[in-house]
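Any value given below was found using the heavy atoms of this structure, including those in side chains, with hydrogens, waters and symmetry copies removed.
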Amino acid sequence: MDYIILLHSLFFTLAFADKESQKKTQNLSSNKASHKRLKRDWIWNQMHIKEEIDAPLPHHVGKITSSVRNNNAKYIIEGEYANTIFKVEETSGDVYAFERLDREKKAEYELTALIIDRRNNQSLEPPSKFIIKVYDINDNVPVFVQKVFNGSVPEMSPVGTSVTKVTAVDADDPTVSGHATVSYQVIKGDEYFTIDDSGVIFTTRPDLDRETQSTYEIIVKAKDAPGTSGDSSTATVVITLSDINDNFPVFKHSSFHFKVPENISVGGEVGRVKVEDVDEPQHRNTKYSFVRGDYRDTFEIVANPYTNEGIIRPKKPLDFEKVAEYRFDIEATDPTVDLRYFKSGGSRSISTVTIEVTDVDEPPVFTKLPYEFKVMENDAEVRTLGSVWAHDPDAAKRKIRFIRRKASPNGDYIRVSDTGIIQLPKPLDREFSSSYNITVAAQEVLEDGRLSDRESHAHVHVIVGDENDNAPELVYPEEPRVCENAAPGKVIVRISATDKDELSPRGFFKFSLATEDSNFSLIENYDNTANITVKYGQFNRELAKIHYLPVIISDNGVPELSSTNTLVISVCKCNEKGNFTFCEERAKQVGVSIQALVAIFICIFTIIVLAMLLLLRKRHKKDLSGLGRSVAEIHEQLVRYDEEGGGEMDTTSYDVSVLNSVRKNGVKAEAAPSPYAQVQKPPGTITSGAGEMESMIEEKKSEADNDRDLLPYDTLHIYGYEGAESIAESLSSLQSGSSDSDVDYDFLNDWGPRFKMLAELYGSEPSEDFVY
């Protein structure tokens with residue numbers, strides 16, 4: 001068949017070439033006279049070759065022909081694929097393909113034909129381009145552009161709803177009928193989906209339920225034109241059913257039970273009820289409501305937008321003593337469910353909720369808040385304003401004790417008894433504070449008498465009514481002055497008054513002068529002010545340079561109170577224009593307040609008392625130094641005399657008169673216990689001598705050795721026993737430096753700086769007196 005087509009092509013090519021040759025011959029003969037050279041043309045038709053020819057190579061493609069008649073002519077071709085895939089026979093111009101061609105790789109090739117003289121390689125004709133086209137054969141299977149396709153469609157969609165589109169491509173020539181036409185077929189999952197010739201997949205059932213099966217995996221086959229047999233390819237399509245709101249929520253349990261303390265705050269969480277909604281979260285819009293049980297005013301149920309749970313919260317405080325348990329039914333529904341796809345099973349779910357309230361130890365509860373009392377100031381008869389009251393809300397009903405916690409202003413102005421009575425220890429003064437505030441705490445008294453740690457507070461407000469108990473006072477102007485030549489009626493100063501009490505509703509203050517015998521007059525302005533004016537004029541500075549004007553001010557209150565205030569007016573020299581030129585400086589009045597006077601009096605009294613106490617103490621000491629002391633006291637004084645002192649002639653370290661009084665009265669020292677040591681003189685007559693002192697020392701040594709609990713007071717004991725006069729006379733060293741002793745004490749200078757003082761005292765006589 002291929003050979004027949006090739007021969008047919010060559011026949012038409014030769015015929016066309018012969019016709020063109022005759023035409024050129026005719027033109028040559030007719031135009032011979034006018035043209036000396038004829039133009040030669042390439043003679044060939046467009047070349048074609050089938051792809052994938054199943055025949056031995058090479059394959060004849062066509063023939064290039066030129067009108068040149070030259071025995072030395074040589075055909076050659078040039079181009080990208082010349083002399084590799086395509087070659088030409090030099091003498092005949094036949095073109096051959098030395099490889100099997102694939103149209104899907106390259107559909108046509110462009111080459112250049114040349115004819116040259118083989119002797120000198122000179123071109124006999126200009127180069128000419130020609131195209132070799134490759135004919136298509138149906139040798140490719142349709143191939144899907146991807147192995148796996150994904151699609152989505154809402155659940156419960158009607159039949160024929162488009163899901164997705166798949167695409168397969170055939171590499172054959174689409175211009176050839178039947179070569180690139182693709183047909184599709186669902187070979188797995190065709191009971192749910194179908195596909196048309198364009199690759200669009202549609203649903204075939206209206207009851208595709210996501211809650212039953214959410215994804216489908218189907219297989220689609222692509223092949224050539226219908227009716228043709230051959231190879232085909234397949235692809236997988238994963239179809240996901242998107243969710244719609246077509247299911248109502250259902251309680252997970254038929255009943256819920258919660259325990260909550262009675263002191264839970266309003267809006268706190270009591271518990272959560274859970275429902276199951278098989279739709280996806282974006283389609284869960286559960287609404288909770290009460291069905292049975294009159295507790296809508298006590299609780300509320302709010303849906304959590306994230307978990308779809310129903311959160312139960314109290315709308316008002318719970319009280320175990322009033323209601324210990326709540327029981328009610330609630331329902332859950334979804335108003336946004338699409339009723340077109342509603343499934344059987346009911347549009348709402350009902351569950352029973354039981355809330356058990358547990359008892360807690362609550363603080364006392366006041367009967368009313370806040371408390372307010374009114375009292376007139378300076379009312380000495382009122383001692384009790386009222387009372388506050390609180391009770392134990394628990395079943396124990398313990399007693400309540402009241403305590404004042406805070407007060408404003410701070411101080412003991414208002415008291416609270418243990419039973420809650422508001423008391424006044426003294427009358428209140430409105431001018432000090434027009435209102436008093438205290439905070440009262442209520443605590444339960446436990447069974448063991450202790451107070452509970454839990455307490456509640458109430459605010460008590462006391463309003464003090466005003467009593468007219470303060471006279472108005474003059475607001476002193478700044479140094480009122482008047483010219484000595486002032487004319488009658490001249491306004492000297494405008495005065496005003498103030499009152500610590502509330503302003504009387506009957507009117508303003510009243511001003512008047514205490515005496516009319518002056519050169520001043522007072523004119524009221526009826527706005528709590530008055531003008532002081534010149535009455536006669538012409539003041540005489542020689543008689544009085546300063547005038548003291550008493551002004552009476554009353555307040556129109558009940559009872560009416562008034563005060564007399566002195567206004568000091570200076571008479572000054574003035575110029576013709578009435579400007580002050582000279583005024584005496586007013587002596588500054590130094591006043592002392594009552595509080596300062598009281599403080600000064602207290603200080604003086606304290607100094608007097610301290611002085612009297614010091615005098616009494618000195619007199620008492622003098623009495624104790626008399627002769628009425630007992631022997632034990634005298635003995636103890638001797639025992640405490642434990643300093644070395646200046647010897648027997650030293651009479652300034654202790655009172656020697658005590659010893660003299662004892663000797664004169666002939667009182668014998670009795671053995672009495674001492675807080676430091678027990679000193680006992682040896683029995684018998686006291687005589688002087690070395691044996692007596694030796695025996696006494698031995699006795700004391702024995703006592704100290706045998707008594708382990710006794711402190712080492714050996715030296716103290718020795719000084720406690722005075723003994724008789726010593727034959728060695730005085731042991732004092734005060735006069736040793738001037739004695740006639742032959743001992744040379746100069747060796748003390750060699751003992752170092754510690755003995756420098758002794759060396760100076762006992763050494764050779766210095767050239768000058770030693771100064772202490």
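- With Gln146 contributing its side chain and Val148 its backbone, the two residues share a donor-acceptor pair below 3.5 Å.
- Contact annotation: the side chain of Lys63 approaches that of Thr65 to within less than 4.5 Å [non-hydrogen atoms, C-beta and beyond].
- For the residue pair Asn245 and Asp338, no side-chain donor N or O sits within less than 3.5 Å of a side-chain acceptor on the partner.
- Between Tyr216 and Phe193, the ring center distance clears the sub-6.0 Å criterion.
- One finds no salt bridge joining Lys287 and Glu331 here, because no Lys/Arg side-chain nitrogen approaches an Asp/Glu carboxylate oxygen to under 4.0 Å.
- Between the side chains of Glu89 and Thr91, at least one donor N or O sits under 3.5 Å from an acceptor N or O.
- At distances below 3.5 Å, not a single donor-acceptor pair connects side-chain atoms of Asp117 with backbone N or O atoms of Gln122.
- Remark: of the listed residues Val169, Asp170, Thr167, Thr181, Asp170 is the sole one forming a side chain to side chain contact (heavy atoms under 4.5 Å, CB included) with Pro142.
- Across all non-hydrogen atoms, the minimal contact from Leu111 to Gly79 is CD2-CA, 4.2 Å.
- The side chain to side chain contact (heavy atoms under 4.5 Å, CB included) test with Ile201 is passed by exactly one of Asp196, Ile239, Thr194: Ile239.
- Once rounded to the nearest 0.5 Å, the distance linking CD1 of Ile264 with CZ of Arg313 reads 10.0 Å.
- Atom-to-atom distance recorded for Asp207:CG and Glu155:CD is 11.0 Å, nearest 0.5 angstrom.
- No donor-acceptor distance shorter than 3.5 angstrom exists from the side chain of Glu356 to the backbone of Ala324, with no hydrogens or angles considered.
- Annotation for Tyr184 and Ser198: closest pair CE1-C, 4.0 Å, computed over non-hydrogen atoms.
- Across all their heavy atoms, Tyr295 and Phe290 have their closest contact at O-CZ, 4.2 Å.
- The backbone N or O of Thr215 lies less than 3.5 Å from a partner atom in the side chain of Gln213, making a donor-acceptor pair.
- Tyr109 carries Lys106 over the face of its six-membered ring, with the cationic atom under 6.0 Å from the centre and within 45° of the normal.
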*Test side chain to side chain donor-acceptor pair (under 3.5 Å) on Asp329 and Thr352 and set out the steps.*
CA-CA 4 Å; Asp329 292 341; Thr352 301; 2.8 Å; yes
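- Val357 has its side chain within reach of Tyr326: a pair of non-hydrogen atoms, C-beta onward, lies under 4.5 Å apart.
- A donor-acceptor distance shorter than 3.5 angstrom exists from the side chain of Thr204 to the backbone of Tyr192, with no hydrogens or angles considered.
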*Please report the C-alpha distance between Lys252 and Glu276 in whole Å, then the side-chain angles of each, then the deciding distance to 0.1 Å, and finally whether the salt bridge (charged side-chain N to carboxylate O under 4.0 Å, His left out) criterion is met.*
CA-CA 6 Å; Lys252 290 187 176 181; Glu276 183 178 4; over 6 Å; no
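- Counted by atom type alone, Asp334 and Thr286 present zero donor-acceptor pairs between their side chains at under 3.5 Å.
- Atom-to-atom distance recorded for Asp246:CG and Thr336:OG1 is 11.0 Å, nearest 0.5 angstrom.
- Judged by distance alone, with hydrogens and angles left aside, the side-chain atoms of Glu262 form no donor-acceptor pair with the main-chain N or O of Thr358 at under 3.5 Å.
- The line from CG of Asp359 to CG of Asn263 is 9.5 Å long, rounded to the nearest 0.5 Å.
- With 3.5 Å as the limit, one finds no donor-acceptor pair spanning the side chains of Gln443 and Ser452.
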*Give the intermediate values and the outcome of side chain to side chain contact (heavy atoms under 4.5 Å, CB included) for residues Val323 and Leu318.*
CA-CA 8 Å; Val323 181; Leu318 305 182; over 6 Å; no
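- Contact of the Thr236 side chain with the Glu217 side chain is registered, since non-hydrogen atoms from C-beta on lie closer than 4.5 Å.
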*Please assess Ser456 against Phe366 for the test side chain to side chain contact (heavy atoms under 4.5 Å, CB included), listing each intermediate value before the final yes or no.*
CA-CA 8 Å; Ser456 56; Phe366 283 92; 3.6 Å; yes
*Verify side chain to side chain contact (heavy atoms under 4.5 Å, CB included) between Val182 and Lys223, making sure each step is shown before the conclusion.*
CA-CA 5 Å; Val182 181; Lys223 62 178 182 178; over 6 Å; no
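- For the pair Asp394 (side chain) and Glu362 (backbone), a donor-acceptor distance under 3.5 Å is present.
- Within the 4.5 Å cutoff, the side chain of Thr234 has no heavy atoms near those of the Val220 side chain.
- The backbone N or O of His253 sits less than 3.5 Å from a side-chain atom of Ser351, completing a donor-acceptor pair.
- Closest of all the heavy-atom pairs between Lys315 and Phe299 is CD-O, 3.3 Å.
- The 12-atom threshold is not exceeded at CG of Asp453, counting heavy atoms of other residues, nucleotides or ligands nearer than 6.0 Å.
- Nearest heavy-atom pair, Val360 versus Pro261, reported as atom, atom and distance to 0.1 Å: CG1-CB, 3.8 Å.
- Of the charged side-chain nitrogens involved, at least one lies within less than 4.0 Å of a carboxylate oxygen, so that Asp243 and Arg210 count as a salt-bridged pair.
- Rounding to the nearest 0.5 Å gives a distance of 11.5 Å between OH of Tyr81 and CD of Glu110.
- A donor-acceptor contact shorter than 3.5 Å links the side chain of Arg284 to the backbone of Asp277.
- Ring geometry for Phe251 against Tyr288 counts as tilted: the plane angle lies between 30° and 60°, on a 0 to 90° scale.
- Two residues are said to be in side-chain contact when any heavy atoms from C-beta on lie closer than 4.5 Å; Ile116 and Tyr75 fail this criterion.
- Side-chain atoms of Ile219 and Val186, non-hydrogen and from C-beta on, never get closer than 4.5 Å to each other.
- Here the CG atom belonging to Asn308 is positioned 11.5 Å from the CZ atom belonging to Arg272, to the nearest 0.5 angstrom.
- Scanning all heavy atoms of the two residues, the minimum distance from Val95 to Met47 falls at CG2-CE, 3.9 Å.
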*asked:* Determine whether Ile355 and Val260 satisfy the following criterion, side chain to side chain contact (heavy atoms under 4.5 Å, CB included), listing intermediate values before the conclusion.
replied: CA-CA 7 Å; Ile355 299 176; Val260 61; 3.6 Å; yes
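- In this structure, Lys87 satisfies the cation-pi test against Phe98, with its NZ or CZ atom closer than 6.0 Å to the six-membered ring centre and inside 45 degrees of the ring normal.
- Aromatic pair Tyr96/Phe86: ring centres not closer than 6.0 Å.
- Ion pair Asp297/Lys316 flagged as a salt bridge, since at least one NZ, NE, NH1 or NH2 atom sits closer than 4.0 Å to an Asp/Glu carboxylate oxygen.
- Looking at Arg327, its side chain never comes within 3.5 Å of a backbone N or O of Val353 through a donor-acceptor pair.
- In this structure, Thr354 and Glu325 have side chains that are in contact, with non-hydrogen atoms separated by less than 4.5 Å.
- The side chain to side chain contact (heavy atoms under 4.5 Å, CB included) test with Ser242 singles out one residue from Ser214, Ser152, Ser157, and that residue is Ser152.
- Considering only heavy atoms from C-beta on, Pro317 comes within 4.5 Å of Val266 through its side chain.
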